Amino acid sequence: MFDPVDSAWISPTELHFLQGVFDRVCMWCNIDRPSKRADRLARYLLHEFRAGIRDETALFEAAMWREAARSKSEPSHEYGKGLGDFTIN
């Protein structure tokens, strides 16, 4: 049986749609490309799209909420050490 969430195939139109959402989220969240964070975002967007979220605004907002939550829980620099309440960017 065909499962759209597991399917690896997407159309060029769908890819263009996802690329636009990905680019906007990267721009708004200052996500470097290529990076592990960008890779995680791309996987998340593809998963959500395959799960049925096809509305651009809904997909963008879901990704923005996810990135906002992730940025609060992750250190803002590579060593994970800050200076009291300050972190080194």
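None of these values were measured; they are calculated from a predicted model.
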Distance from [X] atom [atom1] to [Y] atom [atom2], nearest 0.5 Å?
{"X": "Leu45", "Y": "Phe60", "atom1": "CG", "atom2": "CZ", "answer": "10.5 Å"}
{"X": "Leu59", "Y": "Phe22", "atom1": "CG", "atom2": "CZ", "answer": "12.0 Å"}
{"X": "Ile31", "Y": "Glu67", "atom1": "CD1", "atom2": "CD", "answer": "4.0 Å"}
{"X": "Arg50", "Y": "Ile53", "atom1": "CZ", "atom2": "CD1", "answer": "14.0 Å"}

Identify the heavy atoms of Phe49 and Arg54 that sit nearest to each other, and give their distance.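 Smallest interatomic distance, heavy atoms only, reads O-NE, 2.9 Å.
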Is there side-chain contact between [X] and [Y], with at least one heavy-atom pair below 4.5 Å?
{"X": "Arg37", "Y": "Arg70", "value": "no"}
{"X": "Leu41", "Y": "Cys26", "value": "yes"}
{"X": "Arg43", "Y": "His47", "value": "no"}

Excluding sequence neighbours, so at least two apart, what forms side chain to side chain donor-acceptor pair (under 3.5 Å) with Glu48?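 So Glu48 forms no side chain to side chain donor-acceptor pair (under 3.5 Å) with any residue.
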With Asp23 via side chain to side chain donor-acceptor pair (under 3.5 Å) - residues at least two apart: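 Once residues adjacent in sequence are excluded, the partners of Asp23 under the side chain to side chain donor-acceptor pair (under 3.5 Å) criterion are Gln19, Arg33.
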Membership question, hydrophobic clusters at under 4.5 Å side-chain separation (ILVMFWY): are Met27 and Phe17 in the same one?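 In one cluster: yes.
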Where the side chain of Asp32 meets the backbone of Ser35, is there a donor-acceptor pair that is under 3.5 Å apart?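 No, the answer is negative, given that no donor and acceptor are paired below the 3.5 Å cut-off.
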Determine which pairs satisfy salt bridge (charged side-chain N to carboxylate O under 4.0 Å, His left out) with at least one residue from residues 56-66, sequence neighbours left out, and list them in order.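 Applying salt bridge (charged side-chain N to carboxylate O under 4.0 Å, His left out) to every pair that reaches into residues 56-66, excluding sequence neighbours, yields Arg24-Glu56.
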